[in-house]
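Throughout, a chain's letter reflects where its sequence line sits, starting with A, and its residues are numbered from 1. Computed from a predicted structure; not experimentally measured. Just so it is clear, the values below take in all heavy atoms, side chains as well, and ignore hydrogens, waters and symmetry mates.
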2 protein chains.
Amino acid sequence: MDLTARQQEIINVSVSLIADKGIQNLTIKNIAQTIGISEPAIYRHFKNKFEILMTILDSFELIATDVLNSEEIKDLSSLDKIEFFLLDRYRRCVENPNLSKLMFAEENFQDDEQLSKKVLNIMHSHKDEMHKVISAGQKLGEIRDDIDSIALFRIIFGPMRLLIKQWGLSGCRFDLLEEGKKLWEAEKKILK
Amino acid sequence: MDLTARQQEIINVSVSLIADKGIQNLTIKNIAQTIGISEPAIYRHFKNKFEILMTILDSFELIATDVLNSEEIKDLSSLDKIEFFLLDRYRRCVENPNLSKLMFAEENFQDDEQLSKKVLNIMHSHKDEMHKVISAGQKLGEIRDDIDSIALFRIIFGPMRLLIKQWGLSGCRFDLLEEGKKLWEAEKKILK
DNA sequence: ACCTTGTTAGTTAATGCTCACTAACTATAT
DNA sequence: ATATAGTTAGTGAGCATTAACTAACAAGGT
């Protein structure tokens with residue numbers, strides 16, 4: 001995962017091409033044109049198109065595990081951990097709106113078996129990490145335990161995904177972070 | 001929207017082709033092969049590929065408006081209306097799993113401007129319909145009003161979308177309707 | 001009863017475009 | 001001298017779509 005400057009440029013361009021007009025818009029020609037080099041030059045940096053897509057997914061995988069295993073989150077309460085994770089997601093999306101359009105667009109990779117397996121793995125590992133936090137919070141009495149942790153997981157992350165999708169479809173025309181904070185305030189009322 | 005038997009067959013096959021391997025899998029050749037006729041024969045029934053996609057979206061548009069304007073839902077309480085809508089969605093997905101993979105996969109249509117506009121319209125009209133129900137319920141005291149209706153909308157429908165997506169990605173390996181009912185029971189606790 | 005005409009739903013063959021990818025070559029910087 | 005990062009030109013495959021033709025059937029006039 002040590003990408004050269006050119007490789008990183010190709011990945012960035014690829015993400016924005018997909019975000020803009022879907023996976024069909026990701027062609028070697030479009031990548032090359034956007035960067036301003038010829039098509040074969042792309043193959044100096046990636047073996048083939050598949051490797052480009054795989055590298056995009058690799059970068060997604062990093063995001064969540066990074067946050068949940070960071071030092072600064074260690075001593076927080078369960079609710080604060082969830083808040084940290086949610087707001088971190090919103091901030092990342094605002095920083096890179098293209099990412100937001102891809103992050104929850106699992107369909108984009110379902111064309112290829114290897115890629116869709118990877119997508120599924122990423123989803124599962126994120127889910128497992130959050131489950132731990134939720135059930136720990138329930139045991140400590142910080143989170144209500146009259147609703148099972150699986151349902152709570154869906155109730156916390158479903159709305160986040162929907163909000164980010166609405167933001168993407170709206171062309172980023174509202175303040176995602178502010179709306180995200182409002183949503184979290186509402187969710188907090190519900191969790192206690 | 002009066003489709004001949006052959007047109008309906010093409011639509012059904014198209015939906016399952018997309019659901020199976022993404023929009024890239026929807027080619028005239030694949031449609032023709034699945035049905036067992038030649039490629040040009042498809043053009044006897046649809047002007048072009050765009051019209052096929054448009055017809056698929058048309059059928060999606062019908063689904064939600066149908067439910068929300070049906071007679072049987074008229075005299076129900078707000079909560080029961082929402083329950084009816086949610087469970088109806090789950091049942092439709094179980095009946096036609098291919099539909100579920102497409103229903104919330106807006107990315108599939110973002111390649112084309114006209115199609116993505118249509119997708120956005122469908123989303124908005126569904127959201128507007130549900131907003132009415134939620135704020136009516138708040139005014140009647142059936143739904144808590146310490147959380148604004150926009151956040152409540154996201155808290156109700158975000159989890160449903162996530163659940164259906166998980167079901168699709170899992171290869172329909174759990175009982176969607178049962179899980180959906182459980183989720184709704186949890187959501188009901190939250191809404192009151 | 002039987003030709004004429006038109007429609008419907010299919011066929012084979014072909015067109016022009018775009019795709020991912022490769023071969024062969026070249027400039028440049030170390 | 002050699003590795004790096006680019007170029008032009010081309011290949012073969014797959015794509016949506018069209019042209020031209022045909023078999024099956026139905027209605028109307030004689």
Quiz item: Starting at the 5' end of DNA chain C, which residue's closest nucleotide do you reach first, B/Thr4 or A/Arg44?
Solution: B/Thr4
Self-check item: Aromatic ring proximity, centroids under 6.0 angstrom, B/Phe157 and B/Phe85
Solution: yes
Quiz item: Which nucleotide in the set D/dT18, C/dC21, D/dG6 lies at the smallest distance from any side-chain heavy atom of B/Tyr43?
Solution: D/dT18
Exercise. Figure out the CD1/C1' separation between A/Ile37 and C/dT26, and round it to whole Å.
Key: 16 Å
Quiz item: Tell me: CG of B/Asp111 to P of D/dA16, nearest whole Å?
Solution: 12 Å
Self-check item: Separation of atom CZ in B/Phe46 from atom C1' in D/dT18, rounded to whole Å
Solution: 19 Å
Quiz item: Does some side-chain heavy atom of B/Lys81 sit less than 4.5 Å from a side-chain heavy atom of B/Lys132?
Solution: no
Quiz item: Which ones in residues 12-36 of chain B lie close to DNA chain C, meaning a heavy atom under 4.0 Å from one of its atoms?
Solution: none
Quiz item: Looking at B/Gln138 and B/Ile147, what are the two nearest heavy atoms and their distance?
Solution: NE2-O, 2.9 Å
Exercise. Considering only NZ, NE, NH1 and NH2 on the basic side and carboxylate oxygens on the acidic side, decide whether A/Lys74 and A/Glu71 come within less than 4.0 Å.
Key: yes
Quiz item: In whole angstrom, what separates A/Ile10's CD1 from C/dC21's C1'?
Solution: 15 Å
Self-check item: Exam field: side chain A/Glu142 to backbone A/Ser78, donor-acceptor pair closer than 3.5 Å
Solution: yes
Exercise. Would you indicate, yes or no, if C/dT11 has its OP1 or OP2 atom less than 4.0 angstrom from a side-chain nitrogen or oxygen of B/Ser38?
Key: yes
Exercise. Using atom CD of B/Glu9 as one end and atom P of C/dA9 as the other, report the distance to the nearest whole Å.
Key: 13 Å
Practice problem: Answer yes or no: is there a donor N or O on one side and an acceptor on the other, between the side chain of A/Arg144 and the main chain of A/Ile190, under 3.5 Å? | Solution: yes
Quiz item: In terms of side-chain heavy atoms of A/Pro40, which of C/dA13, D/dT7, D/dG6 is nearest?
Solution: D/dT7
Self-check item: Between D/dT7 (C1') and A/Ile42 (CD1): distance, integer Å
Solution: 13 Å
Practice problem: Using a strict cut-off of less than 4.0 Å between a Lys/Arg side-chain nitrogen and an Asp/Glu carboxylate oxygen, indicate whether A/Arg161 and A/Glu106 qualify as a salt bridge. | Solution: yes
Quiz item: Would you say B/His45 reaches C/dT8's phosphate, i.e. side-chain N/O to OP1/OP2 under 4.0 Å?
Solution: no
